[in-house]
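Okay, so here's the structure we're looking at.
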Amino acid sequence: MASLNVCCGVRNTLPPLKERAAGICALIERTDVDVVNLQEVWTPGLLALLRAQLPSFPHLARGTGLLGQPAGGLVAFSRMPLRSAVYRSFRRTRARRGGVLFRAGAAASAGLQGVLTYELTGRRTVVGNAHLTANHDGDWSPGNRYEALQLAQLEAVHEAVQRARRPDTRLSFLVGDFNVPSSSGLYRAAVDGGTWRDPFAAADLPTFQAALLPDGARAHRVDYVLVHGDPRCHPVTGADVFLTEPVPLPSGPAAHLSDHVGQLVRVGLPGAVAD
């Protein structure tokens with residue numbers, strides 16, 4: 001199970017998206033990953049570009065926005081069949097502090113983001129792929145004006161995954177760009193008080209590219225691949241990161257393919273059953 005924010009935002013200094021998408025897809029195709037969850041796939045064109053370059057991932061989960069884009073920029077490509085994809089927006093989440101203009105802007109941003117849930121067909125496994133509103137203050141101390149907004153979105157994510165589970169669900173994943181550092185007080189809400197296993201907790205490596213931050217800014221671990229299920233039956237057997245270094249591009253020198261680092265977790269799946 002892998003996760004990556006591909007960085008399709010309007011404010012970035014990375015190479016052209018077509019070149020980066022080709023590099024990202026080539027790397028994913030070379031892995032043994034079964035499912036890759038992506039964030040910031042904001043346009044139908046980018047979805048088509050990625051899909052064309054991931055031929056060994058024929059199965060797709062997404063919601064559909066008004067213009068045909070993946071709702072919330074969230075999509076999953078899989079080598080295994082998927083079903084029951086549902087997208088839920090964060091439009092009802094609100095900031096409780098800050099001025100009127102800030103709260104209006106935060107509400108508009110929240111309406112563009114959310115959580116995608118889906119199942120691995122016949123595997124009694126549910127996945128949630130989420131992208132939370134960014135804290136542009138870079139301050140996650142208690143009482144920050146983004147705190148209530150991000151907390152409400154984390155609660156909405158956990159509720160969505162819970163609703164997606166069936167009585168026979170044995171394993172769940174919660175992945176994505178939470179925009180919440182592992183060093184912040186909101187981390188406890190991200191892992192739901194320890195209900196979710198965090199395979200990257202011990203290493204706690206940053207998932208935002210430090211080289212792309214302003215001078216003096218600190219890189220944090222804000223992306224997650226969390227696991228819920230009996231660890232005796234579904235042990236985590238590996239946890240790796242990818243896209244950590246610049247790679248050569250046809251148009252020029254080596255460059256990062258995203259402003260985020262990808263994460264990949266290996267977990268024993270439930271046995272296949274007939275649906």
Side-chain angles (χ1 to χ4, degrees), residues 1 3 5 37-40 61-63 65 70-76 84-98 102-119 125-167 169 171-201 207 220-229 260 263 265:
M1 186 67 59
S3 179
N5 182 325
N37 299 272
L38 303 179
Q39 302 90 44
E40 292 199 13
R62 61 153 178 165
L74 302 171
V75 63
S84 305
V86 176
Y87 173 77
R88 294 181 175 88
S89 169
F90 292 146
R91 63 179 176 274
R92 292 194 177 99
T93 61
R94 293 288 184 272
R96 303 301 179 192
R97 297 195 177 195
F102 167 76
R103 283 180 283 162
S109 177
L112 297 174
Q113 293 168 314
V115 55
L116 171 72
T117 60
Y118 59 92
E119 295 179 67
T125 297
V126 166
V127 184
N129 178 13
H131 189 190
L132 275 64
T133 298
N135 181 333
H136 294 293
D137 291 346
D139 172 14
W140 290 270
S141 59
N144 177 266
R145 59 182 180 168
Y146 283 95
E147 182 182 40
L149 176 67
Q150 291 190 314
L151 181 58
Q153 292 180 356
L154 288 169
E155 291 171 350
V157 166
H158 291 302
E159 180 184 355
V161 174
Q162 182 61 40
R163 291 175 63 181
R165 290 180 177 134
R166 298 171 183 259
T169 298
L171 181 64
S172 304
F173 293 91
L174 179 52
V175 311
D177 177 4
F178 288 13
N179 278 309
V180 169
S182 55
S183 58
S184 75
L186 287 170
Y187 173 76
R188 183 168 175 79
V191 296
D192 197 18
T195 300
W196 292 85
R197 285 181 279 160
D198 181 358
F200 292 94
T207 58
H220 296 276
R221 182 164 67 102
V222 296
D223 301 85
Y224 299 91
V225 178
L226 306 176
V227 183
H228 182 278
H260 285 251
Q263 295 179 308
V265 169

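Below, each value reflects all heavy atoms present in this structure, side chains not excepted, and no hydrogens, waters or symmetry copies.
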Practice task
Please lay out, stage by stage, how R221 and D198 fare under the test side-chain contact (heavy atoms from CB on, under 4.5 Å).
Solution key: CA-CA 12 Å; R221 182 164 67 102; D198 181 358; 3.0 Å; yes
Practice task
Report yes if some heavy atom in the side chain of V227 is under 4.5 Å from a heavy atom in the side chain of P199; otherwise report no.
Solution key: yes
Handout entry: Audit row: N135, V180, side-chain contact (heavy atoms from CB on, under 4.5 Å) steps and yes/no
Key = CA-CA 8 Å; N135 181 333; V180 169; over 6 Å; no
Practice task
Identify the residue among L154, L149, T133 that makes a side-chain contact (heavy atoms from CB on, under 4.5 Å) with T93.
Solution key: L149
Problem - Any donor-acceptor pair under 3.5 Å from R103 side chain to R94 backbone - result: no
Practice task
Identify whether the distance between the nearest side-chain nitrogen and carboxylate oxygen of E159 and R88 falls below 4.0 Å.
Solution key: no
Problem - Straight-line distance of L226 CG to H158 NE2, nearest 0.5 Å - result: 7.5 Å
Practice task
Can you see which heavy atom on L116 is nearest to which on A61, and at what distance?
Solution key: CD2-O, 3.5 Å
Fill in the blank from the handout: What one should report as the nearest heavy-atom pair of A160 and V115 is CB-CG1, 3.6 Å
Practice task
For the residue pair S84 and R166, establish whether any side-chain heavy-atom pair is separated by less than 4.5 Å.
Solution key: yes
Handout entry: CG-CG distance between L132 and N179, expressed to the nearest 0.5 angstrom
Key = 7.0 Å
Handout entry: Parallel, tilted or perpendicular: rings of Y224 and F178 (30°, 60°)
Key = tilted
Completion exercise
Closest non-hydrogen contact found for G114 with L74 is O-CD1, 3.3 Å
Practice task
Return yes if a side-chain donor-acceptor contact under 3.5 Å exists between N5 and D223, otherwise no.
Solution key: no
Problem - Which atom of R165 lies closest to which atom of V126, heavy atoms considered - result: CA-CG2, 4.0 Å
Practice task
Give a yes or no answer on whether the side chain of N144 reaches the backbone of D139 with a donor-acceptor pair at less than 3.5 Å.
Solution key: yes
Practice task
Could you tell me the separation between the CG atom of D137 and the CZ atom of F102, rounded to the nearest 0.5 Å?
Solution key: 6.5 Å
Problem - Closest approach of Q113 to H131 (non-hydrogen atoms, all atoms of both residues) - result: CB-O, 3.4 Å
Exercise for the section: Calculate, to the nearest 0.5 Å, the distance between atoms CZ and CD belonging to R145 and Q150 respectively. Expected result: 12.0 Å
Exercise for the section: Verify, without hydrogens or angle tests, whether R197 (side chain) and G229 (backbone) share a donor-acceptor contact under 3.5 angstrom. Expected result: yes
Handout entry: Approximate separation, where rounding is to 0.5 Å, of W196 CH2 and L174 CG
Key = 5.0 Å
Problem - Between S3 and Q39: side-chain donor-acceptor atoms closer than 3.5 Å - result: yes
Exercise for the section: Measure the spacing between CZ of F173 and CG of L171 and express it to the nearest 0.5 Å. Expected result: 4.5 Å
Problem - Non-hydrogen atoms of G128 and V161 that approach each other most closely - result: CA-CG2, 4.1 Å
Handout entry: Test item: side-chain donor near acceptor, T207 and Q263, under 3.5 Å
Key = no
Practice task
Would you check if H260 and E40 make a side-chain contact, meaning some heavy-atom pair closer than 4.5 Å?
Solution key: no
